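Source: prediction; values computed, not measured. Chain identifiers are assigned alphabetically (A, B, ...) following the order of the sequence lines, protein sequences preceding nucleic acid strands; residue numbering begins at 1 within each chain.
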Amino acid sequence: MNIQDIVVSSRIRFARNVNNLPFPHVLKGNEAKLQEFLNTVQSVCASKFDGDLYTVNAMTVGGEISEGADDYVLNMLVENHLISPALGRSKLGGAIISKDKTISVMFNEEDHLREQCILEGFRLREAYERLLEVDMALHDRLDIAFKKGLGHLTACPTNLGAGMRASVMMFLPALDLVGDLRRIIKKYAGEDVTIRGVYGENTEAKGFMYQISNQAAIGRSEDMIIAKMESVVKELCMLEEQARRAIWDRKGVDIEDQIMRAYGALLFARVLGSDEFMINIANVKLGVGYGLLKLDIPSINRLIPKVLPYTLSVKAGKKLSPRERDIMRAKIVREALIACKTK
Amino acid sequence: MLCGLCKMRPVEAIIKTDEGSASLCAACFQRYRMLKATGEIEGLSDYFYMYDEFNPISAFIARSAQMACPSCGTTLSKLKNDFKFGCAKCYDFFSDKADEYFEELGGQEYKGRYAGYENKKRPGRRLSEMTADDLPFLMKKLQEARDNQELSRADAIDRRIRQLKGGKQ
């Protein structure tokens with residue numbers, strides 16, 4: 001079993017607030033303390049990583065004037081999991097995102113700060129250690145809201161305590177196809193672990209991509225949360241392996257046919273819709289898992305966000321029509337698949 | 001338009017009875033329905049009398065209706081509806097109401113990396129920052145992790161111990 005073929009990425013997120021400033025949903029925006037808070041966040045981030053500032057509306061952060069990102073850029077950041085969809089609805093919201101796109105510090109989302117580190121593959125502990133460096137620097141410079149016993153204070157009490165969410169994005173086609181996911185989701189819900197579609201709550205999984213995360217943080221240490229998530233991920237990988245073997249035993253030729261057709265479609269299509277791409281790329285990844293195709297899985301994983309609708313428009317530097325996007329997507333996918341062949 | 005009773009929140013309901021009509025906010029309207037259903041008031045005039053400033057009961061009721069965090073203004077009803085605290089001070093102000101809920105969520109005390117931060121104590125050092133001088137401490141932590149079945153944590157500590165014993169920093 002190759003866990004790295006099943007686990008797409010690992011993410012750690014911290015929710016933090018400061019004392020003496022109302023939480024974002026109550027914040028009016030004219031407090032001098034808000035400006036002071038934003039300046040400090042910007043200064044700490046600048047000392048820890050080389051990043052870019054994005055704001056929802058025009059505002060000044062740390063002496064830097066941000067015009068406010070347009071909807072295309074904000075949606076592109078959402079597609080790439082660098083900001084949450086909720087941030088785009090926050091008038092005073094924004095984010096400082098590292099140039100390598102691994103660290104993002106959102107401000108004025110549900111909490112004053114939502115820090116996240118996202119790394120390729122199964123690297124939860126590494127993501128945690130990296131983010132902790134930024135987090136500790138923020139604790140040194142800001143008056144972070146914390147109460148003995150409860151831990152970090154958050155707008156929503158489900159994030160209390162460690163204020164941490166550990167999540168792992170997984171590719172689980174076989175478990176989905178054999179219909180085992182519903183039972184598994186129910187089982188893990190009882191253990192405070194959530195499994196949901198990759199684009200967050202109330203969304204279906206696109207391309208069999210699921211996000212597995214801890215539900216509550218209260219009373220749990222960071223180590224406990226990570227250890228629990230690591231054990232759940234390993235168990236899911238084992239179940240996915242078993243399901244893949246079962247599918248292959250039952251209808252190997254049909255699966256092979258489906259995979260090869262999908263690969264052919266992606267290699268030769270000249271117009272490629274988003275949904276068609278997601279279905280076919282999932283089959284291609286499954287083909288790599290079965291050893292039918294020799295392609296580099298991390299390269300395929302990196303390709304997926306590059307051809308999402310808003311990301312394509314931002315790359316083109318203009319608003320593209322759906323057809324223009326489909327043509328551009330087909331070209332990028334064709335070139336990427338040829339480039340990610342392995343021996 | 002503000003509620004005709006509490007004069008604080010916007011009108012969300014208009015009650016029309018034989019005694020007359022009243023424009024109320026959601027909270028005052030809910031309370032009216034509850035008091036009427038339990039028979040504590042007969043109608044609007046009773047309800048408004050309860051809030052009369054010369055009525056000794058009114059002071060108590062008014063206080064609970066206006067029970068709001070002095071720092072951010074979040075009211076108890078808003079907290080219950082939105083399920084969100086308005087600021088850090090809300091956690092103290094509503095502690096008697098919220099503690100029961102925290103119990104339901106799991107209730108245990110936070111003992112993570114930032115434990116002690118209320119005294120501005122920095123969280124513990126990372127494994128990669130530990131040196132050979134920390135070996136006795138690491139051995140103790142390794143045993144704790146094994147006892148608590150935190151296997152991945154134990155693995156990480158074990159790796160660091162082996163690195164330090166091998167002279168690698």
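No hydrogens or angles considered: nothing links the side chains of A:N19 and B:K89 as a donor-acceptor pair under 3.5 Å.
At a 4.5 Å heavy-atom cutoff, B:N148 makes no contact with chain A through either its backbone or its side chain. Contact annotation for A:H112: neither backbone nor side-chain heavy atoms come within less than 4.5 Å of a heavy atom of chain B.
With a 4.5 Å cut-off on side-chain heavy atoms, B:C90 and A:F23 do not count as touching. Looking at A:N17 and B:F85, their side chains never come closer than 4.5 Å, going by heavy atoms from C-beta outward. Looking at heavy atoms from C-beta onward, B:K84 lies out of side-chain contact with A:V26 at the 4.5 angstrom threshold.
Nearest heavy-atom pair across A:L142 and B:Y117 is O-OH, 3.7 Å.
With chain A as partner, the option from B:C87, B:G112, B:A145 having the largest number of non-hydrogen pairs under 4.5 angstrom is B:C87.
More than 12 heavy atoms of other residues, nucleotides or ligands shown are found within 6.0 angstrom of NZ on A:K187. For B:E42, the CD atom is loosely surrounded, since the number of other residues' heavy atoms within 6.0 Å does not exceed 12. The environment of CD in A:E36 is sparse: at most 12 heavy-atom neighbours from other residues, nucleotides or ligands sit within 6.0 Å. In the displayed structure, A:K147 atom NZ is contacted under 6.0 Å by more than 12 heavy atoms of other residues, nucleotides or ligands.
We find the OG-CG distance between B:S95 and A:L150 to be 9.5 Å, quoted to the nearest 0.5 Å. Taken to the nearest 0.5 Å, the NE2 atom of A:H25 stands 5.5 Å off from the OG1 atom of B:T74. Residue B:C72 holds its SG atom at 11.0 Å from CG of A:L27, rounded to the nearest 0.5 Å.
For residues 222-231 of chain A, the set of pairs meeting the side-chain hydrogen bond (donor to acceptor under 3.5 Å, both in side chains) definition, not counting sequence neighbours, comprises A:R125-A:D223, A:E191-A:K228, A:E222-B:Y110, A:D223-B:R153, A:E230-B:S152.
With hydrogens and angles ignored, the 3.5 Å screen pairs no side-chain donor or acceptor of B:Y114 with any backbone N or O of A:H139.
Not counting sequence neighbours, A:R13 has no partner by the salt bridge (charged side-chain N to carboxylate O under 4.0 Å, His left out) test.
Looking at B:E150 and A:R220, no side-chain N of the basic residue comes within less than 4.0 Å of a carboxylate O on the acidic one, giving no salt bridge.
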